[in-house]
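Take a look at the structure below.
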Amino acid sequence: MISLLKTYLRPYWKALILVMALLMAQAIANLYLPSLNADIINNGVARGNTAYITSTGSFMLVVTLVLGIVSVIGIYWGSKTAMAFGRDVRGAIFTKVQTFSQKEVNHFGAPSLITRNTNDVQQVQMVLVFALNMILSAPIMAIGGIIMALREDVPLSMIIVVVVPVMAIIVGLIISRAVPLFQVMQKRIDRVNQVVREKLSGIRVIRAFVRTDHEAKRFDVANRDLTQTALTVNRIFALLMPTLTLVLYSSTVAVLWFGGVRVNSGAMPIGNLTAFLTYIMQILLAVMMATIMFVLVPRAAVSAGRIQEVLETEPSVTDPAEPAAPAEGRGTIEFRDVEFRYPGAEEPVLHHISFTSSPGETTAIIGSTGSGKTTLVNLIPRLYDATGGTILMDGVDIRQMRRDDLWQKIGFVPQRAFLFSGTIGSNLRYGNEEADDEMLWHALEVAQSREFVDELAEGLEYPIAQGGTNVSGGQRQRLAIARALVKRPEIYVFDDSFSALDFTTDSRLRAALKNEITYATTIVVAQRVSSIMHADRIIVLERGTVVGMGTHDELMETSPTYREIVFSQMSEEEAA
Ligand SMILES: Nc1ncnc2c1ncn2[C@@H]1O[C@H](COP(=O)(O)OP(=O)(O)O)[C@@H](O)[C@H]1O
Ligand SMILES: [Mg+2]
């Protein structure tokens, strides 16, 4: 927590010093005012000296006014600093997460990264707001209060010696019970979130399998657990206020009682008694603040730890220290004896993959589900780094290239098409902001989605919902293809991008693509033999190993696995 605060508060040290100075000024004024009040009573009221009352009274008024202004400025700068801190930390987490490869994202899990960037930052920020607005002045108030109280009357100050420990013990006891419960509560909140998340994402499955009651029960249990814990915590805290009030007023009574005796005997002026009352309140309030800090700080420290963990994670896929100059060439991809093992997995999922795909060529990858096709194409944009062998682009190891240069060359259409919230137009321009409408329409035409966009009243301005949920799966896939086309990259990667299309659209799309991207290196993952029959090179994958490579006709001769796939999908005449 300290290092997090140190790093992200450093730019605001001037504001911090200002806030601390203001808090200190505030504390001193607060300590000074009651003694002025005592003077008015002792020297003015008791002796009927109106002039003294007026002059000291107006001075007090001025001090109070200044105090008001000072606290407004202090709170303004304190809050501003705390918010700036939150903003910077969120920005840092976001920037960091952007550098993460799939490996680090999987390690934390997306929901946890989101919680860390929102809730956890907020916890730390809250402590900061609290500290900058009042806590920092608590020690001054407590110590200064004791000194001032001693100045008013020494024997009476004995009360403080008794009351402060009592107060600290009570608050400490209550809080030490509550803190562990806070942790339990955090876990239960997580659980409720988890059930709701699953319920929302799995709603269709739940209904189809008639499990609505089951899910409702699951939620009920999670919800009731949370309520139970929250109730217990609140019951404990319900004790806090009355007990504190009891201590406060008992001390008041004690002060008035013993003070009254001393005033009566003439050992102490009455003004000192009123001042003393104020001081003891200030001291107790300061003690209370300090103890509240003991609740907030451990919680915030946990959050700060979670934030640090993200910030300190080094991405496994990084830019090289001395990137190679972008190679001359038009996007030749070469796999050289590539092996890949998922982090933590025992066995590699890809073994000894070697092939070259040149501009103007189409390389198709076919194989059963789980054979490693997606894994293979994900290595090209370095979503993961190969664990063995090398992947070269135009003769340069892709790990030696700047990632932006690499990505600039690739048009990637993933297995699960993803659209951003915005419009169709903004999504298509994602890889090429300068593209004019004509280019967009052309890409749509090639991707076989011109008709569907034409029919929309808004056309290119048609709004896309978050995640692209307001267009069908096939439409989403075709828009993702159009998006890659608008970018005009040197290498196209289609990971099973035609699977959601019907047969006719699929073949029309392939014909149009063929004319469109004659210049590029194309890598296509497909399930349907008909989609890839005419590829220049077909790679047959089986359990991560290349078991056949060649054209359709060659493979029909040489690869039993390929023949098996072909005959499971088409008749012998079609295959020929
Ligand atoms: N993130 C992952 N972590 C660990 N194993 C994975 C991960 N993704 C896929 N796999 C494993 O890698 C193998 C190949 O998966 P994948 O490349 O998706 O196959 P395909 O695209 O050919 O269906 C599968 O056995 C799968 O279990
Ligand atoms: Mg796949």
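Start at 1 and go down the list; that is how both ligands and their atoms are numbered.
- Counting protein heavy atoms under 4.0 angstrom from atom 27 (O) of ligand 1 gives zero.
- A side-chain N or O of Arg188 and one of Thr229 form a donor-acceptor pair less than 3.5 Å apart.
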Handout entry: Pair Thr387-Arg341, side chain to side chain donor-acceptor pair (under 3.5 Å): steps then yes or no
Key = CA-CA 6 Å; Thr387 48; Arg341 182 198 308 262; 5.2 Å; no

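- Phe355 and Phe335 have parallel rings, their planes meeting at less than 30° on a 0 to 90° scale where 60° marks the start of perpendicular.
- Among protein heavy atoms, atom 15 (O) of ligand 1 sits closest to Thr375 OG1, 3.7 Å.
- Within the protein, the N, O or S atoms lying under 2.8 Å from the Mg ion (ligand 2) are Thr374 OG1, Gln415 OE1.
- Note on ring orientation: taking the six-membered ring where Trp is involved, the planes of Phe340 and Tyr342 are perpendicular (angle over 60°, cut-offs 30° and 60°).
- Remark: the Asp506 side chain and the Ser531 side chain contain an N/O donor-acceptor pair separated by less than 3.5 Å.
- Annotation: atom 24 (C) of ligand 1 to nearest protein heavy atom, Gly370 O, 3.8 Å.
- With a 4.0 Å heavy-atom cut-off, ligand 1 is reached by no atom of Phe340.
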Can you give me every donor-acceptor pair (side chain of residues 438-453, partner residue at least two apart or in another chain, under 3.5 Å) with its distance?
{"unit_1": "His442", "atom_1": "NE2", "unit_2": "Glu516", "atom_2": "OE1", "d": "2.7"}
{"unit_1": "His442", "atom_1": "NE2", "unit_2": "Glu516", "atom_2": "OE2", "d": "3.4"}
{"unit_1": "Glu445", "atom_1": "OE1", "unit_2": "Arg450", "atom_2": "NH1", "d": "3.2"}
{"unit_1": "Gln448", "atom_1": "OE1", "unit_2": "Arg508", "atom_2": "NE", "d": "3.1"}
{"unit_1": "Gln448", "atom_1": "NE2", "unit_2": "Val446", "atom_2": "O", "d": "3.3"}

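- The ligand atoms of ligand 1 that sit less than 4.0 angstrom from a heavy atom of Tyr384 are 1 (N).
- Not a single heavy atom of Gly367 lies less than 4.0 angstrom from ligand 1.
- Among protein heavy atoms, the minimum distance from atom 21 (O) of ligand 1 is reached at Thr374 OG1, 2.6 Å.
- The atoms of ligand 1 that sit less than 4.0 Å from any heavy atom of Thr369 are 23 (O).
- When heavy-atom distances to ligand 1 are checked against a 4.0 Å cut-off, Val349 comes that close only through its side chain, counted from C-beta outward.
- No hydrogens or angles considered: nothing links the side chains of Ser371 and Glu542 as a donor-acceptor pair under 3.5 Å.
- Distance from atom 10 (N) of ligand 1 to its nearest protein heavy atom, with residue and atom name: Tyr342 CE1, 3.3 Å.
- Counting only N and O atoms by type, the side chains of Tyr384 and Thr375 include no donor and acceptor under 3.5 Å apart.
- Taking the salt bridge (Lys or Arg N to Asp or Glu O under 4.0 Å) definition, one finds that Lys409 meets it with Asp394, Glu490, sequence neighbours left out.
- Using modelled atom types and a 3.5 Å distance limit, the side chains of Thr390 and Asp397 yield no donor-acceptor pair.
- Identified under the salt bridge (Lys or Arg N to Asp or Glu O under 4.0 Å) test for residues 562-571, with sequence neighbours left out: none.
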